[in-house]
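Quick note: numbers below take in every heavy atom, side chains included, and nothing from hydrogens, waters or symmetry partners. Lettering of chains follows the sequences in order, A, B, ..., and the numbering in each one begins at 1. As the structure is a computational prediction, the values presented were derived from the model and not from experiment.
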Number of protein chains: 4
Amino acid sequence: MVKEKSDKIHKNKLIKRNKLFDAAYDLFLTKGFSSTAIDDIVKKAGVAKGTFYLYFKDKYDIMDHLILSKSSLVIKEALQKIKDENYNNYIDRVISFIDYIVEYFKNNKMLLKIIHKNLSFGLFRKALQKPEEYKEMKEVADLLLSSLKKEGFSDDNIEKILFMVIELTGSVIYSSIILEEPDTIDNMKPVLFMMVKKMLTI
Amino acid sequence: MVKEKSDKIHKNKLIKRNKLFDAAYDLFLTKGFSSTAIDDIVKKAGVAKGTFYLYFKDKYDIMDHLILSKSSLVIKEALQKIKDENYNNYIDRVISFIDYIVEYFKNNKMLLKIIHKNLSFGLFRKALQKPEEYKEMKEVADLLLSSLKKEGFSDDNIEKILFMVIELTGSVIYSSIILEEPDTIDNMKPVLFMMVKKMLTI
Amino acid sequence: MVKEKSDKIHKNKLIKRNKLFDAAYDLFLTKGFSSTAIDDIVKKAGVAKGTFYLYFKDKYDIMDHLILSKSSLVIKEALQKIKDENYNNYIDRVISFIDYIVEYFKNNKMLLKIIHKNLSFGLFRKALQKPEEYKEMKEVADLLLSSLKKEGFSDDNIEKILFMVIELTGSVIYSSIILEEPDTIDNMKPVLFMMVKKMLTI
Amino acid sequence: MVKEKSDKIHKNKLIKRNKLFDAAYDLFLTKGFSSTAIDDIVKKAGVAKGTFYLYFKDKYDIMDHLILSKSSLVIKEALQKIKDENYNNYIDRVISFIDYIVEYFKNNKMLLKIIHKNLSFGLFRKALQKPEEYKEMKEVADLLLSSLKKEGFSDDNIEKILFMVIELTGSVIYSSIILEEPDTIDNMKPVLFMMVKKMLTI
DNA sequence: GATGAATGAGCATTCATTCAT
DNA sequence: CATGAATGAATGCTCATTCAT
């Protein structure tokens, strides 16, 4: 009886939190981050202003959670894809991984605009640090790292190189999709892949 | 006589503009951009509030000019350096260019923080588009581009590759100097150079 | 219990709104509209600045409400008077109605200054459009309209003529009371009544 | 020699003043009075800001001159028209006078918006008080007044009645042309004429 | 007379945060 | 847990006016 009740309460709490989360996501996408006031979020979520502060510290807090959640999703999907495809070649795996992310953001420009240059290694690392939630991710990520290790890259360098690949990818994706600078993403992709291949070849 | 007069006025205007410029620079460095109010800037510059709006549209406007001015300076110096050194090898030239910039920002962390990830190709291009002011820069930049061309890179790819080199460099510099992520800049440098060499080798 | 609570809150809100309303009225009367800052209003009302925007959109909004409220009051009283007096003659009714308004503003020059030429048909109509609040007004107004109709005025013309009578009265009241132009109100009144009688005679 | 010179200077002064005048007129018409800054006026006029203050006290000053100038023009034209037409009947003369003004503002809504309810007797009187400039106007106005006098109106009442006719006309013109309230000007005109006739009939 | 750079008071408006209910 | 009225500091921006040249 008591357990049921607390479950219900817990569920209700989660519902409110999610309502805020979704409302914020929608508003950040449509109005942009800085133009979205907490007032807007709570109104859209249908809760009182004070309630917001029960679940999040401030606008930046909910934004951080949003970026983490949305980016983790993409990365998760991308990792799942290369897990499913079973490439022999580790480079093809990375390229496929990158390709998935590129295509994802081609279709989600607004999200890309928001998470902007936060699409970075730091995020990647953060995602990997929540082991409970990202067990499977970690698993696949390790696969990638061990592949590179097998190829003869030094332990020290593997992480750094992966970091650079991710940063480069993030930069190109943002710049070419949002600004078409220096060219469209479709024209950049072959060059990007070429560069990534070079970077990952010993 | 008349000319002298207008010269003096013109000079005075330049002085005021620079006062605002310098004040804003100092404040952005110490307090950060978003914590700096226009009130702070004019107080530090010793001019009236309205004067600010005589020279700049708003805080973002002065920031843009600041980023462009400060970054141009670094790039100019770096280009001058590789011009002076007369390398035979075009890759060495690029590496030397990057090295200068890395070292510069190692000693100017606050500036780096401010111009953040604006240290990018877009900026580079902007600087090159002010021909009157950046004649020498253009000259050396062309040298670099022609070197790559000579090496057999296709016209189409040269710009894209250079873009990626710059973006990667910018990302690594920012991340490693400010966040020491994934490692310190000194530990990242050799790997960065390695990657850049790979990217620029046909 | 719950009802009591919400009643209390509702009451408090009304009190705050009225405080702002009264403060604005006082200030508009003494300092004039354009010289009154929102700062002045909230200071006088003893509430925070933000509170103002909880109840009114801006200075013009509170002004509109003020004009409507104050003018409705006068019109209401004037209508009540002619209702009480039970004239046989419809023209005497109108004259009496006008006379009440003239005398009212003779004793409230400051209010007249504020509502200026807003004392017009538009206002009159606005007031009549809030049926819940102005049921009695509507009732008496209809009496007036039907009187004119009975006299043989065409339906189409009744409204127009009434409009003109009101506009003329408003103009004369403002001009003669505030500017004594072209003469004092006491000297204008007989001529005004004469004109109104002519206008309402078929 | 000296005279020529001062003539030229005087001419130049007049040119500048007129430039400001025309610029202000254009801007008030297009942007509205309160949205027009002195900055806008001087920029459009092609003179320096300080120059404005050489000719006008402030924005209200130039506005007053504008209203007087533009309204005088209309009234002058209307008076000229009834002078030319040589009606026997004084009422027809007044009706024709009003008709001219109505038609004028039907085609100059923007001007009407600006001079708003300033189209009043006060203005009429002001115009008549500048004898040098408005000699002809005075002449025709006197014709009108004497006509009414001849009809048996008492000296005292003539001015008051004329005042009311003008005020009523102004109100109806503004309300019906700008707001179409309570009806369009074309529907209001016959009723207005009817009322005016009644007011002017002994 | 003419200029236009400089001024700075003045003001509306926003919005994160609190807290009594 | 939830509410939402109240707060008031913070701040960008305008614009009439002045005055040295």
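- Only Val47(C), Ala48(C), Lys49(C), Gly50(C), Thr51(C), Leu54(C), Tyr55(C), listed by number, bring a heavy atom of residues 37-60 of chain C to less than 4.0 angstrom from any atom of DNA chain F.
- Regarding Met63(D), its CE atom lies at a distance of 14 Å from the P atom of dA16(F), rounded to whole Å.
- Residue Leu73(A) holds its CG atom at 11.0 Å from CG of Leu68(A), rounded to the nearest 0.5 Å.
- Side-chain contact check for Arg17(D) versus His65(D): some heavy-atom pair is nearer than 4.5 Å.
- For Asp61(A) and dA16(E), the CG to P distance is 14 Å, given to the nearest whole Å.
- Nucleotide dA6(E) holds its C1' atom 12 Å from the NZ atom of Lys19(B), rounded to whole Å.
- Residues Leu20(A) and Val47(A) form a side-chain contact, since some pair of their non-hydrogen atoms from C-beta on lies under 4.5 Å apart.
- No side-chain donor-acceptor contact under 3.5 Å links Asp26(D) to the backbone of Ala23(D).
- A close approach under 4.0 Å does not occur between any side-chain nitrogen or oxygen of Lys16(D) and OP1 or OP2 of dG1(E).
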Working note: Val42(B) + Thr51(B), criterion side chain to side chain contact (heavy atoms under 4.5 Å, CB included); need CA distance, chi angles, decisive distance, verdict. CA-CA 8 Å; Val42(B) 296; Thr51(B) 307; over 6 Å; no
Symbol by symbol from the 5' end, with Watson-Crick or G-U pairs under 3.5 Å, [ ] crossing and | another strand, DNA chain F is .||||||||||||||||||||
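- The ring-ring contact (aromatic ring centres under 6.0 Å, His included) check on Tyr55(C) picks up nothing, with sequence neighbours excluded.
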Go through it in stages, so that I can follow the logic: the residues are Phe52(A) and Phe56(A), the test is ring-ring contact (aromatic ring centres under 6.0 Å, His included), and I'd like the CA-CA distance, side-chain angles, deciding distance and then a yes or no. CA-CA 6 Å; Phe52(A) 179 91; Phe56(A) 301 99; 5.8 Å; yes
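- Rounding to whole angstrom units, CZ of residue Phe33(D) and P of dC15(F) are separated by 12 Å.
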Working for side chain to side chain contact (heavy atoms under 4.5 Å, CB included), residues Lys59(C) and Phe28(C): CA-CA 10 Å; Lys59(C) 215 170 63 169; Phe28(C) 290 163; 4.1 Å; yes
